[in-house]
2 protein chains.
Amino acid sequence: MNKPGQQVISRLRQMILSGELEAGQRLAEIPTAEQLGVSRTPVRIAFRTLEQEGLLTKLSGRGYIVRQVTQAEISGAIEVRGVLEGLAARQAAENTLSKAQINELLQLLKQGDELFAKGNINEQDLAIYHDMNQRFHQIIIEASLNPAIAEALSRNEHLPFASVSALAFDRNNLAQEYRRFNFAHMQHHAVFDAISHGQGSRAEAIMREHANVTHSYAKVFSQMEENGERMHVLKNTGS
Amino acid sequence: MNKPGQQVISRLRQMILSGELEAGQRLAEIPTAEQLGVSRTPVRIAFRTLEQEGLLTKLSGRGYIVRQVTQAEISGAIEVRGVLEGLAARQAAENTLSKAQINELLQLLKQGDELFAKGNINEQDLAIYHDMNQRFHQIIIEASLNPAIAEALSRNEHLPFASVSALAFDRNNLAQEYRRFNFAHMQHHAVFDAISHGQGSRAEAIMREHANVTHSYAKVFSQMEENGERMHVLKNTGS
DNA sequence: TTTGTCTATATTGGATCCAATAAATAAAAA
DNA sequence: TTTTTATTTATTGGATCCAATATAGACAAA
């Protein structure tokens, strides 16, 4: 539970995902152990774990380095996410949603509708949308009854935009964000409709296109960061 | 390189993949360390590594257990493989194959053609086909220029049939296997043709169906094993 | 015979130490 | 001044030990 080993893994993962440990930074066992106040053993195990998660790269004799993430890597991961979530939607359509799943999806869709019914959106709304969005996607993945999808998606959790829980928005242009997320939410409706009617190909196509919206946004994000502008990313950074 | 740690990981992985350590079997640090002639430290790290690879499941106070693999898990993983390799073929079609890639693919296609030109097939031929098949798929994944695909596929390497390098055949019915692999190889031709002509959707559809051939075969495999019949699986078991 | 409690055993997680290896720095030679 | 060699420092991998925790077995009571 609260053993130092698990805490070391979680802490380091959080430090990497939050940017506290920047890409390119070198980490070694002894200094890290001192910094975290533990012996080397849990740090050694944490490093290997995070290496396997794709967050660290091992140097040959000088510790580990926080992985640089390339734009091509992010772009490719969004494509992978698109096909995997598309497959999840297809398989969910081929299965029968449970009553509980239907009810929860309807509840989430209604929750989203209420956000957009106001005609505008603020950051608090977007945090709510984020949670609703995440749960909506999770249910579909669960409804696929295919553990390999969640497994394959888990490899993207550390990449900006490619994580199923990631949500990026431009805080300086909330009117545009309102329209964009409203569109995305209407895609949620369409996916649910397709799944409910057992329309696998339709569900898959919508869900793949749903991920492509993130794709174009990742490019805008890169340009804004080059221009020194800031974009806000909402995602989970916990273990 | 040949440090005990790496050897322990490789050795255990091989023992699991070969069936020497059977699904459901329990492993603990101390007896395993004794058996392999090392201290507990590399065994501890190996267990965690293999847990992250999906080969072991941790018990709460009694070591690890070799993971049981369900038929649904295999089936789902083959689906995932289909969409990922389909995406790879699509992206390869959207990129430009290098001269070297084209030449190697042509060489591999020719090699396969020669196998089938004889009008029959034996186990030695199938071993050659296996290597040719594996390399063919690898090139397409490389040509996609999308590292996330290989990354996501790597999660399936331990599952029967879902690994890109797996090739199953019924050694008691080589005439049927001849026809089946001939068909699969003609799909290779079709995929190459689609990619060469930049036909992304066509390439993706063929490749997805190509994986589905494995799908139906995995079901036949289950029935044969229940009937006590043996089916031969060619795949890589190395690290 | 069954259930509860206590004890013994098995097992893991972490700390510490030692040896091997890699990298950085200093000193010597060209 | 530059290059090569030697030395020092940093770092990792593995071994061993200790403490904590979980599990199994033995024993007593109902």
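Side-chain atoms are counted along with the backbone in the values below, which use heavy atoms only and exclude waters and symmetry mates. Protein chains get the first letters and strands the later ones, always in sequence-line order, with residue 1 at the start of each.
- Going from atom CG of Leu59(B) over to atom P of dT23(D) covers 9 Å, rounded to whole Å.
- Lys58(A) has a side-chain polar atom (N or O) that falls below the 4.0 Å cut-off from OP1 or OP2 of dG13(D).
- Distance, Arg62(B) CZ to dA24(D) C1': 7 Å, rounded to whole Å.
- In this model, the phosphate group of dT12(D) is not approached by any side-chain N or O of Thr41(B) to a distance below 4.0 Å at OP1 or OP2.
- A sub-4.0 Å separation between OP1 or OP2 of dC17(D) and a side-chain N or O of Ser39(B) is absent.
- In this structure, Glu29(A) atom CD and dT16(C) atom P are separated by 15 Å, rounded to whole Å.
- Listed for the Arg44(A) side chain is no donor-acceptor partner under 3.5 Å among the backbone atoms of Glu29(A).
- Residue Arg40(A) contributes atom CZ, which lies 14 Å from atom P of dA15(D) at whole-angstrom precision.
- With hydrogens and angles ignored, no donor-acceptor pair closer than 3.5 Å exists between the side chain of Arg48(B) and the base of dG13(C).
- Counting to the nearest Å, the P atom of dA22(C) and the CD1 atom of Ile65(A) are 19 Å from each other.
- Within 3.5 Å, no donor on the side chain of Arg44(B) pairs with an acceptor on the base of dG14(D), nor the reverse.
- Contact check, Arg26(B) against dT11(C): a side-chain N or O comes under 4.0 Å of OP1 or OP2.
- In this structure a side-chain-to-backbone donor-acceptor pair under 3.5 Å is present from Asn95(B) to Gln91(B).
- The nearest whole Å value for the distance from the CG atom in Leu27(B) to the C1' atom in dA10(C) is 15 Å.
- Atom pair Glu34(A):CD and dT16(C):P shows a separation of 12 Å (rounding to whole Å applied).
- Under the 3.5 Å distance criterion, the side-chain polar atoms of Arg67(A) are matched with a main-chain donor or acceptor of Gly54(A).
- Rounded to a whole Å, the CD1 atom of Ile45(A) is 7 Å from the P atom of dG13(C).
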Taking it one step at a time, do His210(A) and Glu85(A) satisfy side chain to side chain donor-acceptor pair (under 3.5 Å)? CA-CA 9 Å; His210(A) 189 55; Glu85(A) 287 203 282; over 6 Å; no
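- No donor-acceptor pair under 3.5 Å is formed between the side chain of Gln25(A) and the backbone N or O of Ile65(A).
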